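Keep in mind that what you see is a predicted model, and the values were worked out from it rather than measured. Keep in mind that the numbers below use all heavy atoms, side chains included, and drop hydrogens, waters and symmetry copies. In what follows, chains carry the letters A, B, and so on, assigned in the order in which the sequence lines appear, proteins first and then strands, with residues in each chain numbered from 1.
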Protein chains: 2
Amino acid sequence: MGKCEQCGIRQLNAFKELTKDELIRLSLCKSSKEIKKGEVLFDEGEHINGLYCVRNGVCKVSKMSDNGKDQIINLIKKGDLIGERSLISNESSNLKAVALNDVEVCFIPKEEVIKNLQRNPNFTMGMMQKLALSLKNADNIIVDMAQKTVKQRLAVTLLYLHENFKTEEGINSIHLTREDIANIIGTATESAIRLLSEFKKNNLIDLKGKEIFVLNIPKLKILAEGL
Amino acid sequence: MGKCEQCGIRQLNAFKELTKDELIRLSLCKSSKEIKKGEVLFDEGEHINGLYCVRNGVCKVSKMSDNGKDQIINLIKKGDLIGERSLISNESSNLKAVALNDVEVCFIPKEEVIKNLQRNPNFTMGMMQKLALSLKNADNIIVDMAQKTVKQRLAVTLLYLHENFKTEEGINSIHLTREDIANIIGTATESAIRLLSEFKKNNLIDLKGKEIFVLNIPKLKILAEGL
DNA sequence: CGATTGCTTGACCCCCATCAATCCTCGTGG
DNA sequence: CCACGAGGATTGATGGGGGTCAAGCAATCG
């Protein structure tokens with residue numbers, strides 16, 4: 001089991017604020033976990049009782065709607081924390097997290113997180129800034145959902161994937177299914193598929209099997225923002 | 001000018017965690033402000049450099065979409081804080097706040113808030129919990145926007161208004177226009193109006209001028225959740 | 001008392017959800 | 001090694017939801 005004080009991933013989140021002593025203490029109580037593709041890290045309503053830190057891989061974070069569809073709220077990757085919201089509110093989770101590929105996470109028990117929040121104001125401030133950023137992103141998504149067409153939202157999502165997950169193999173290195181993509185956008189799977197092939201016809205993207213290649217970022221941006 | 005240590009409104013937010021000394025210090029640096037109906041408390045892109053605490057009245061909090069529509073993200077009332085997100089992120093505001101009726105707010109300068117965050121862990125925890133709650137609410141709104149029909153969202157909104165702003169005069173004591181309601185739901189004004197009169201025909205609500213009376217909460221709930 | 005702002009209703013039509021059928025692609029077991 | 005089954009991808013057809021334009025009405029205000 002690795003040691004937190006030697007783990008570079010903490011530079012990507014609030015744990016960078018911890019002192020060496022605090023990191024050593026963290027190493028003693030944290031646990032590591034491996035999750036295979038498709039497995040559930042935690043589900044809605046579950047008491048997480050701690051905080052997950054993603055070391056590797058990608059999870060989709062979703063919430064079930066009344067109509068039975070899983071709306072994907074977020075994609076989390078290396079360095080991201082998940083579970084802080086429920087931890088701070090002292091509630092069970094309002095979200096579900098599922099591995100899109102093989103994922104490694106560390107789990108830090110709630111008591112240890114709270115202890116650090118009480119002792120280290122810099123750590124607390126880091127966590128607050130993370131929450132504040134999440135809130136801003138959420139506000140942006142609300143506006144997009146409310147005001148943009150499905151086509152625009154697909155363009156936004158493709159640009160987001162391109163920005164965050166692009167490899168030489170395409171922008172879908174995390175193996176989202178068409179249904180996943182539809183559940184990010186908030187539309188029917190068939191609609192997403194139809195728009196993808198329309199985008200391909202217009203040479204905005206290329207499709208090779210399930211993989212997606214962005215060909216024309218500027219035009220996608222124009223599409224995403226207006227008519 | 002009132003004194004914070006005698007102000008009961010702090011019981012409604014994180015300021016309840018401040019000590020008497022801290023409250024007295026707060027009184028010395030805070031300022032009060034009155035905003036008339038329709039006036040702008042702050043706009044997108046503005047540097048707020050502090051935190052507002054609503055003493056009275058209601059503001060609509062919105063964000064401009066690329067298509068030029070103001071999507072209403074939140075309605076804030078007595079006891080609510082606004083500006084914390086930008087303060088913590090050290091950014092200019094991503095939101096706009098406009099008074100729906102005459103509003104009184106207190107303004108606390110950034111430096112004073114930061115000082116209290118550094119010194120009083122309980123206050124910090126209170127602020128974090130507020131952010132965490134806002135985030136959960138935002139997640140719920142995203143799911144509703146993505147997965148519910150306009151009709152369902154109107155039902156949700158009417159129930160929300162009933163829950164939070166109902167008086168004997170109806171549920172629209174804060175004088176939202178039809179356009180405002182449409183901008184909460186994320187639809188065209190005409191669509192919102194049409195659905196309101198449909199709801200009236202079905203005896204779910206009653207309309208007297210601009211005022212709205214909820215007649216059948218259970219049916220509205222059923223409508224809001226499914227078919 | 002005009003004039004601006006908000007409310008309401010009608011007409012039109014496109015976007016998109018839904019249902020259905022087919023094709024493709026794997027992983028599994030015979 | 002191949003057959004087959006299951007889940008995913010794709011395309012077609014169809015109908016309704018809801019966006020948009022336009023016109024008329026009501027209310028509020030300087």
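For Asn172(B) (side chain) and Leu176(B) (main-chain N/O), a donor-acceptor pair under 3.5 Å exists by modelled atom type. Not a single donor-acceptor pair under 3.5 Å links the side chain of Lys60(A) to the backbone N or O of Asp180(A). Between the Gln11(B) side chain and the Gly8(B) main chain, no donor and acceptor come within less than 3.5 Å of each other.
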CA sep, side-chain torsions, deciding dist, call: Arg55(A), Val105(A), side chain to side chain contact (heavy atoms under 4.5 Å, CB included): CA-CA 5 Å; Arg55(A) 290 167 51 89; Val105(A) 294; over 6 Å; no
Walk me through it: do Phe165(B) and Ile171(B) pass the test side chain to side chain contact (heavy atoms under 4.5 Å, CB included)? CA-CA 6 Å; Phe165(B) 300 106; Ile171(B) 66 171; over 6 Å; no
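A cation-pi arrangement is present between Lys208(A) and Phe213(A) under the rule of less than 6.0 angstrom and at most 45 degrees off the ring axis.
Between its two ends, the helix from dC1(C)-dG30(D) to dG30(C)-dC1(D) turns its axis by 40°, counting five pairs per end and rounding to 10 degrees.
Contact between the side-chain N/O atoms of Ser191(B) and the OP1/OP2 oxygens of dG19(D) is found at a separation under 4.0 Å.
For Lys151(B) and dG18(D), the NZ to P distance is 8 Å, given to the nearest whole Å. Atoms NZ (Lys37(A)) and C1' (dG8(D)) sit 12 Å apart, rounded to a whole Å. Atom-to-atom, CG of Asn67(B) to P of dG19(D) comes out at 11 Å; the value is rounded to the nearest Å.
More than 12 non-hydrogen atoms from other residues, nucleotides or ligands lie less than 6.0 angstrom from NZ of Lys77(A). Dense packing is recorded around NZ of Lys110(A), with more than 12 heavy atoms of other residues, nucleotides or ligands lying under 6.0 Å away. More than 12 heavy atoms of other residues, nucleotides or ligands lie within 6.0 Å of CD in Glu39(A), so this atom counts as buried by the packing criterion. Counting non-hydrogen atoms of other residues, nucleotides and ligands closer than 6.0 Å to CD of Glu44(B) gives a total above 12. Counting non-hydrogen atoms of neighbouring residues, nucleotides and ligands closer than 6.0 angstrom, the NZ atom of Lys219(B) reaches no more than 12 such neighbours.
Of the residues in residues 192-216 of chain A, Arg194(A) come within less than 4.0 Å of DNA chain C through at least one heavy atom, sorted by number. The stretch residues 57-66 of chain B has no heavy atom under 4.0 angstrom from DNA chain D at all. In the region residues 164-176 of chain A, proximity to DNA chain C at under 4.0 angstrom, judged on heavy atoms, holds for none of the residues.
Nearest heavy atoms, Ser93(B) versus Ile48(B): CB-CD1, 3.7 Å. When all heavy atoms are compared, the tightest approach of Cys53(A) to Asn13(A) is SG-ND2, 3.7 Å.
Contact of the Phe42(A) side chain with the Ile82(A) side chain is registered, since non-hydrogen atoms from C-beta on lie closer than 4.5 Å. Inter-residue side-chain proximity for Ile76(B) and Tyr52(B) is flagged as unmet; no heavy-atom pair is nearer than 4.5 Å.
Counting only N and O atoms by type, the side chains of Ser89(B) and Arg85(B) include a donor and acceptor under 3.5 Å apart. Looking only at atom types and distance, the side chain of Asn101(A) has no donor-acceptor partner in the side chain of Lys36(A) under 3.5 Å away.
Using a 4.0 Å heavy-atom cutoff across all strands shown, Thr189(B) reaches no nucleic acid atom at all.
Partner Leu75(A) forms a side chain to side chain contact (heavy atoms under 4.5 Å, CB included) with one of Asn164(A), Val61(A), Leu161(A) and no other, that one being Leu161(A).
Taking every nucleotide of DNA chain C with any atom under 4.0 Å from a non-hydrogen atom of chain B, the first and last of them, 5' to 3', are dC7(C) to dA11(C).
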All N/O contacts under 3.5 Å from nucleotides 5-7 of chain D to the protein, with atom names and distances to one decimal?
none

